[in-house]
Protein chains: 2
Amino acid sequence: MTTHAKSPEDVPAEPTAKRLPSAVVARLTVYLRALNGFVAEGVERVSSEELADASGVSSATLRKDLSQLGSYGTRGVGYEVENLLQHLSAALGLTRDWRVAIVGAGNLGRALARYGGFETRGFEVVALLDTDPQIIGNEVGWLRVADAANLESIFKRTRANMAVLALPGSAAQQACDRVVAAGVRSILSFAPAILQVPRGVTLRKVDMATELQILAYHAQRGEAGGQTGEDEHGEPAAGTASA
Amino acid sequence: MTTHAKSPEDVPAEPTAKRLPSAVVARLTVYLRALNGFVAEGVERVSSEELADASGVSSATLRKDLSQLGSYGTRGVGYEVENLLQHLSAALGLTRDWRVAIVGAGNLGRALARYGGFETRGFEVVALLDTDPQIIGNEVGWLRVADAANLESIFKRTRANMAVLALPGSAAQQACDRVVAAGVRSILSFAPAILQVPRGVTLRKVDMATELQILAYHAQRGEAGGQTGEDEHGEPAAGTASA
DNA sequence: TAGATTGTTAATCGATTAACAATC
DNA sequence: TAGATTGTTAATCGATTAACAATC
């Protein structure tokens, strides 16, 4: 699918490319997941109300979000599931080829490498690196752990364009710098460290301890709150319990 | 107003326990991390400017956030690192005892169980459960994998008050229900599934695929954007690259 | 056409920023 | 006191919600 199929229909009339608020981007991924659920159930058409319910947002928010991408629904009818799925994928940039290199083959790195969730959603894990001689060469899933000393050449050969950092906080910044130097501009870090990246590089961070701390806050004060999802600006995600 | 000296207005604003916006809560965890960094460096006092820089936010935002907790700084001087650390921890509810049970001892569950980040921040992993007979009984770190069939009794015995779900999407909802039934009101899910929880239960979700999708969006459109952290409403976190 | 539901506008709500008076 | 920096207020900005006209 990397080929440039330029038939008129394929070219989305969207040089519009408005910058979407990050809260919207986060919700789009939720809608995507919900739509996949509908596809699995054989549902062909949904209303904003139905999709919003499945996504845990209000239908007003859903329509507002979708309308930022274009008019992909039909008044009085709803949205065609497959069609909307395509447009959402396109808007999120998922029609491209994303090749992910995982840096760090410790417990977490190995777990991530074997995690099935990537493949099914358009991401391919193309490399798994570590510096530990004890680990280098081991097979993990269908990958072999490569020597992180060769990071640059490995990234080049595998054409990795995303990196996942799964290493100790102490090693994270250095690894991050090398990954950036290798030309990667999208990084997901699981390292418990505050990382510095140059402009033009997008870094996202997932930290277990942070998540637990936020849970602690809610638990401490009578909680009451429903669920919240990951993501910037903390949009409520994948909700439920809205009632 | 009444003649009673006990009218609400008279009560000192000390135990006020205002509900903090989730964006603020998320940032507090960042400040906490930054403060720990200062402690490690032996710094005893910081200005809002310094702490804000280290946290990747503006000093105005920092002061606004901290002022919601109380007045813990000294005008003309700054904040005492240790003192502020204490207050932040208290505000986040980290002075309590948090006992975490990990449900699912697959690759991810085992990785999490061995992850050092918890202990150092006041969370104790007290149990690791799975349903697979092949895995039950195995040692992981200093824990032994217990049979998830006994989930209720294990949670009771270990007095677990937080749960981490590290299992396939297909098994997640059922496990989640049992965890809730066992009395846990704070759940962190790594399962790629939209989970339903009753009111009063706080659920947070971390999903690799979602994170990568968000990265894909930024990469697809000239990126430009700096870094963003986890959390609701997506506050920029742990930033850098601000220059 | 009548019924339904989108896309959009206007109103509300909340969060961030800037500026400064209070005060150490 | 003079200098510094907090805590807070007011202004700006952005996001959510509600309502409805457009239209299938």
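Order of the sequence lines fixes the chain letters, A, B, ..., with proteins taken first and strands second; residue numbering starts at 1 for each chain. It should be emphasised that the depicted structure is a prediction, and the values quoted were computed from it without experimental measurement.
- Of all nucleotides present, only D:dT9 satisfies the Watson-Crick or G-U wobble test against C:dA18, with each distance under 3.5 Å.
- The side chain of A:Arg45 contributes no N or O atom lying less than 4.0 Å from OP1 or OP2 of C:dT5.
- Between the side chain of A:Arg75 and the base of C:dG7 there is no donor-acceptor pair of N/O atoms closer than 3.5 Å.
- The side chain of B:Tyr79 contributes an N or O atom lying less than 4.0 Å from OP1 or OP2 of D:dG7.
- Of the side-chain N and O atoms in B:Ser47, none sit less than 4.0 angstrom from OP1 or OP2 of D:dT5.
- Checking B:Asn83 against B:Tyr72 by side-chain atom types alone, no donor-acceptor pair falls below 3.5 Å.
- Remark: B:Arg27 is in phosphate contact with C:dT16, judged by side-chain N or O atoms under 4.0 Å from OP1 or OP2.
- Residue-to-nucleotide proximity on DNA chain C shows that, of A:Lys64 and A:Val77, the 5′-proximal contact is made by A:Val77.
- Summary of the strand contacts: A:Gly76 and B:Ser48 both lie near DNA chain D, and taking for each the nucleotide with the nearest heavy atom, the more 5' one is attributed to B:Ser48.
- In this structure, A:Ser67 reaches the bases: a heavy-atom distance under 4.0 Å links it to at least one base atom across the strands shown.
- Classification of B:Arg204 and A:Glu211 as a salt-bridged pair holds, one side-chain N sitting under 4.0 Å from a carboxylate O.
- Nearer the 5' end of DNA chain D, as judged by each residue's closest nucleotide, is the contact made by B:Gly70, out of A:Thr74 and B:Gly70.
- Note that the CZ atom of A:Phe123 and the CD atom of B:Gln213 stand 5.5 Å from one another [nearest 0.5 Å].
- A donor-acceptor pair under 3.5 Å is formed between the side chain of A:Trp98 and the backbone N or O of A:Gly93.
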* Assess whether side-chain hydrogen bond (donor to acceptor under 3.5 Å, both in side chains) is satisfied between A:Arg33 and B:Thr210, documenting all intermediate values. => CA-CA 9 Å; A:Arg33 206 155 32 191; B:Thr210 298; 3.3 Å; yes
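- Nucleotide C:dG3 is matched to D:dC24 when pairs are restricted to Watson-Crick or G-U wobble geometry with both distances under 3.5 angstrom.
- Regarding contacts with the backbone of D:dT17, a side-chain N or O of A:Thr61 is found under 4.0 angstrom from either OP1 or OP2.
- Here the C1' atom of nucleotide D:dT6 and the CD atom of B:Glu50 are 14 Å apart, to the nearest Å.
- Distance B:Glu49 CD to D:dG3 P: 20 Å, rounded to the nearest Å.
- Between the P atom of D:dA22 and the CZ atom of A:Arg63 lies a distance of 16 Å, rounded to the nearest Å.
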